[in-house]
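All chains are named by letter (A, B, ...) in the order of the sequence lines, taking the proteins before the strands, and each is independently numbered beginning at 1.
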Amino acid sequence: MIFVIMSYGGHRNQEGRHWSGKAVAFTVGATVSGGSLGALLGLLGAALPAQPRVGLVALVGFMAVLAGALALSPFQLRPPQFDRETAQRWMTRGALSGAVLNGVALGAGFTTRIGFWLWYLIPSAAFLTGSAWAGALVYGTYGLARGLGPWALVAARALKRSRGLDFEEAGDWLVARIRPLRVAGAAEAIVLGVALVVIAGP
Amino acid sequence: MARRRFGHVAAAGAAGVAAGVALTLVPVTTAVLLIGLVAAVSTALLQQALP
């Protein structure tokens with residue numbers, strides 16, 4: 001994702017633009033994409049009467065616990081997903097367009113690799129709030145948090161420059177820790193799932 | 001190893017019960033919103049590690 005904004009040791013898709021303009025386009029694209037989907041899901045949820053919606057809260061919570069437990073089990077069940085990155089051809093559509101398209105895709109989340117069962121709680125929660133603004137807040141926060149990724153990596157690069165590290169190494173450092181992060185994600189799915197079951201009540 | 005995994009699930013379940021009990025103090029919609037926000041931020045952070 002960072003390579004849409006800035007290339008290491010080269011100028012792929014740079015078009016002479018400063019990285020910050022592309023990072024803004026990426027962040028805005030991701031936030032608007034997530035927020036719009038969340039608003040839509042919240043509106044759909046509002047069409048459901050309150051009582052069955054509370055029943056669905058418990059069901060989603062139970063599914064989250066089950067998914068988290070299966071991810072921690074020896075089967076290490078992976079979430080259903082499109083196991084791919086964003087389209088490479090977007091890189092040829094211009095620096096800003098490429099950044100916006102990548103932001104929109106990653107802010108929505110489901111068109112690329114999801115990686116963690118926990119992700120499914122985001123559209124579920126947006127739907128179960130039964131409110132357009134609350135749904136937009138939940139899913140838009142996800143989009144914003146993903147959209148801030150390049151800023152964090154560029155900041156990390158600036159901080160680590162004195163030690164001779166760069167954002168590629170920061171990315172590699174994270175990728176190398178995917179296994180414990182999967183455990184953390186599965187455990188969090190269980191925590192939030194149990195919490196959903198409890199708040200739905202008997 | 002299996003005992004360790006069971007320990008993870010049990011600890012996560014206990015934390016979930018505690019979080020759920022705390023969230024019963026607010027309306028269900030607000031609780032779902034808060035849980036959604038936690039899931040949103042943490043998933044986005046975890047996904048930075050995807051290859």
Side-chain angles (χ1 to χ4, degrees), chain A residues 1 34 50 53-54 57 65 68-69 72-74 106 109 113-116 118-119 121-122 124-126 128-131 134-135 137-139 141-146 148-149 152-153 171 174-175 177-178 181-201, chain B:
Chain A
M1 159 268 294
R53 204 176 329 128
V54 173
V57 169
V65 173
L72 286 175
S73 75
L106 293 182
R113 206 169 284 140
I114 290 171
F116 300 87
L118 196 57
W119 179 87
L121 277 180
I122 300 162
S124 303
L128 291 170
T129 56
S131 146
L137 183 60
V138 169
Y139 214 144
T141 298
Y142 167 74
L144 174 65
R146 280 208 97 176
L148 289 176
L153 282 173
L174 273 172
V175 171
R177 278 147 188 85
I178 190 73
L181 291 176
R182 281 195 200 284
V183 172
E188 189 176 339
I190 295 171
V191 171
L192 298 182
V194 170
L196 283 170
V197 171
V198 172
I199 62 169
Chain B
M1 184 63 92
R3 186 176 292 180
R4 194 174 164 191
R5 284 204 175 101
F6 179 76
H8 282 133
V9 174
V17 169
V21 169
L23 284 171
T24 52
L25 297 172
V26 296
V28 172
T29 306
T30 310
V32 170
L33 173 67
L34 291 172
I35 286 174
L37 287 173
V38 171
V41 173
S42 49
T43 304
L45 291 175
L46 289 169
Q47 284 181 325
Q48 299 296 330
L50 287 176

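- Looking at B:V26, there are no atoms closer than 4.5 Å to chain A (heavy atoms on both sides), in backbone or side chain.
- Here the side chain of A:R146 pairs no donor or acceptor atom with the backbone of B:T43 at under 3.5 angstrom.
- If you tally non-hydrogen atom pairs under 4.5 Å between each of B:G13, B:G36, B:A19, B:A12 and chain A, the highest count goes to B:A12.
- Between chain B and the options A:A69, A:A189, A:A125, A:A195, heavy-atom pairs under 4.5 Å are most frequent for A:A195.
- Shortest non-hydrogen contact noted between B:L50 and A:G115 is CD2-CA, 3.8 Å.
- Between chain A and the options B:G16, B:A18, B:S42, heavy-atom pairs under 4.5 Å are most frequent for B:G16.
- Each of A:L121, A:L137, A:V65 has some count of heavy-atom pairs under 4.5 Å with chain B, and the biggest count is that of A:L137.
- The shortest heavy-atom contact between A:T129 and A:G135 is OG1-N, 3.5 Å.
- Among the candidates A:V54, A:V183, A:V57, A:L118, the residue making the largest number of heavy-atom pairs closer than 4.5 Å to chain B is A:L118.
- Between B:V9 and A:I190 there is a side-chain heavy-atom pair separated by less than 4.5 Å.
- Both the backbone and the side chain of A:R113 come within less than 4.5 Å of a heavy atom in chain B.
- Highest contact tally toward chain B, considering only A:G109, A:G130, A:P74, is held by A:P74 [criterion: heavy-atom pairs under 4.5 Å].
- Only the backbone of A:S73 comes within less than 4.5 Å of a heavy atom in chain B; its side chain stays farther off.
- In plain terms, the two heavy atoms of A:Y142 and B:Q47 that are nearest each other are OH-OE1, 2.6 Å.
- No part of A:L148 comes within reach of chain B, as not one of its non-hydrogen atoms sits under 4.5 angstrom from that chain.
- Heavy-atom minimum distance, A:I114 versus A:W119: CG2-CB, 3.3 Å.
- A side chain to side chain contact (heavy atoms under 4.5 Å, CB included) with A:V138 holds for exactly one of B:L34, B:V38, B:L33, B:I35; it is B:L33.
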